[in-house]
Amino acid sequence: QPWSVRMVESEMIRCPESWQLDFQPKLKWDYCHGLELQAMLDVYDTYGDKKIFDYALAYADTMIHNDGSIETYKLHEYNIDRLNSGKFLFRIYEQTKDEKYKKALALMRSQLDEHPRNADGGFWHKKIYPNQVWLDGLYMCQPFYMEYETRFNDKKNYDDIFRQFFNVEKNMRDPKTGLYYHAYDSS
């Protein structure tokens, strides 16, 4: 079998329940799950083994209630990492058409309406880190934000998404090396 299929099967054996990914001892809505399940769905799209899709779906079904609320997700924490798991939900919603996933996506998108920002509009990485913008925040949030805006909001907030990248370029890129710092604190 291809290495990607072997890797997925290895993870499914190591973590029989998809909520156990990343060695979790209890339920958690976490960016690691989003990262890994998104990759597993890529393998599913390539090779079509339904057990892979069902494994990703099991996490979504375990974590998301019929009203769209998400187990262990706390919007008021304003944690940009929590949006990463939303990326795989677009695919789950697309395949199942179950409205609870669309509601969960809308809930996560609503976080950005009130998410704390620094003076130049950059999203704080987390509420507990005031004024800090982290480089990985681009990965955690912007693909989710862009896909949501594209699918459900007529691209209305594209300028805000682009601003996040421009701010990182302006504030975090070392002009001597061209490399990026991990974070900056605008205060």
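What you see is a predicted model, and the numbers here were worked out from it, not measured in a lab.
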What verdict does the side-chain hydrogen bond (donor to acceptor under 3.5 Å, both in side chains) test give for Gln164 and Tyr145, after you've listed the backbone C-alpha separation in whole Å, the side-chain angles of each residue and the deciding distance to 0.1 Å?
CA-CA 11 Å; Gln164 303 303 315; Tyr145 194 6; over 6 Å; no
Trace of the side-chain contact (heavy atoms from CB on, under 4.5 Å) decision for Lys127 with His115
CA-CA 8 Å; Lys127 184 179 178 182; His115 197 97; over 6 Å; no
Practice item. Report the C-alpha distance between Asp22 and Lys28 in whole Å, list the side-chain angles of each, state the deciding distance to 0.1 Å, and finish with yes or no for salt bridge (Lys or Arg N to Asp or Glu O under 4.0 Å). Key: CA-CA 10 Å; Asp22 195 40; Lys28 185 176 182 186; over 6 Å; no
Practice prompt. Tell me, with the steps shown, if Arg117 and Asp160 meet side-chain contact (heavy atoms from CB on, under 4.5 Å).
Written response: CA-CA 12 Å; Arg117 297 173 182 243; Asp160 187 37; 2.7 Å; yes
Checking Val133 against Ser186 for the side-chain contact (heavy atoms from CB on, under 4.5 Å) test, could you report, in this order, the C-alpha distance in whole Å, the side-chain angles of both residues, the deciding distance, and whether it holds? CA-CA 8 Å; Val133 175; Ser186 64; over 6 Å; no
| request: Tell me, with the steps shown, if His125 and Asp81 meet side-chain hydrogen bond (donor to acceptor under 3.5 Å, both in side chains). | output: CA-CA 8 Å; His125 196 71; Asp81 290 341; 3.0 Å; yes
Q: Carefully, step by step, assess Asp61 and Tyr101 under the rule side-chain hydrogen bond (donor to acceptor under 3.5 Å, both in side chains).
A: CA-CA 9 Å; Asp61 280 343; Tyr101 303 124; 2.2 Å; yes
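Aromatic ring orientation, Tyr158 versus Phe162: perpendicular (interplanar angle above 60°, classes split at 30° and 60°). Ring geometry for Phe152 against Phe90 counts as parallel: the plane angle stays under 30°, on a 0 to 90° scale with 60° as the upper cut.
Asp98 contributes a side-chain N or O that, together with a main-chain N or O of Lys100, makes up a donor-acceptor pair within less than 3.5 Å. No side-chain donor-acceptor contact under 3.5 Å links Ser69 to the backbone of His65. Side-chain atoms of Ser18 come within 3.5 Å of backbone atoms of Tyr55 as a donor-acceptor pair (strictly under, hydrogens ignored). Between the Arg91 side chain and the Gln38 main chain, a donor and an acceptor come within less than 3.5 Å of each other. Checked by atom type and distance alone, the side chain of Gln20 pairs as donor or acceptor with a backbone atom of Glu17 at under 3.5 Å. The backbone N or O of Met63 lies less than 3.5 Å from no partner atom in the side chain of Trp19, so there is not a single donor-acceptor pair.
Between the OH atom of Tyr181 and the CG atom of Asn171 there is a distance of 11.5 Å, given to the nearest 0.5 Å. Taking CE of Met108 as the start and OG of Ser85 as the end, the distance is 7.5 Å to the nearest 0.5 Å. Interatomic distance, Ile52 CD1 to Tyr47 OH, rounded to the nearest 0.5 Å: 10.0 Å. To the nearest 0.5 Å, atoms NZ (Lys102) and CG (Leu107) are separated by 14.5 Å. Between the CH2 atom of Trp124 and the CG atom of Asn118 there is a distance of 8.5 Å, given to the nearest 0.5 Å. How far CE of Met40 is from CG of Asp49: 12.0 Å, rounded to the nearest 0.5 Å.
In this structure, Asp120 does not pair ionically with Arg163, as no charged nitrogen and carboxylate oxygen lie closer than 4.0 Å.
Across all non-hydrogen atoms, the minimal contact from Gly122 to Asn167 is N-ND2, 3.7 Å. The two residues Gly34 and Asn84 come nearest to each other via the heavy atoms C-ND2, 3.9 Å. For Ala56 against Leu37, the heavy-atom pair with the smallest separation is CA-CD2, 3.8 Å. Shortest non-hydrogen contact noted between Glu149 and Ile161 is CG-CD1, 4.1 Å. Nearest approach of Tyr139 to Lys87, heavy atoms of both residues: O-NZ, 3.0 Å. Heavy atoms only, all atoms of each residue included: Gly137 and Ile80 are closest at CA-CG2, 4.0 Å.
Under the 4.5 Å side-chain criterion, counting only non-hydrogen atoms from C-beta, Tyr78 is not in contact with Lys126. Side-chain atoms of Met12 and Val8, non-hydrogen and from C-beta on, do get closer than 4.5 Å to each other. Residues Arg82 and Lys74 have side chains not in contact (no heavy-atom distance under 4.5 Å, counting atoms from C-beta outward). You'll find the side chain of Gln111 reaches within 4.5 Å of the side chain of Leu83, heavy atoms only. Looking only at side-chain heavy atoms (C-beta outward), Glu71 and Ile64 stay at 4.5 Å or farther from each other. Contact check for Trp29 versus Tyr59: side-chain heavy atoms found under the 4.5 Å cut-off.
Between His182 and Trp134, the gap from one ring centroid to the other is short of 6.0 Å.
Criterion: ILVMFWY side-chain heavy atoms under 4.5 Å apart, direct or through other members. Under it, Phe144 and Leu135 are part of a common hydrophobic cluster. Under the 4.5 Å side-chain heavy-atom criterion for grouping Ile, Leu, Val, Met, Phe, Trp and Tyr, Leu35 is connected to Leu41 within one hydrophobic cluster.
Residue Glu114 qualifies as open at atom CD: its count of foreign heavy atoms under 6.0 Å is 12 or below. Around OH of Tyr31, the count of heavy atoms belonging to other residues, nucleotides or ligands within 6.0 Å does not exceed 12. Taking a 6.0 Å sphere around CE of Met146, one finds it holds more than 12 heavy atoms contributed by other residues, nucleotides or ligands.
Counting only residues at least two apart or on different chains, the side chain to side chain donor-acceptor pair (under 3.5 Å) pairs with a member in residues 2-12 are Glu9-Lys51, Glu11-Arg14.
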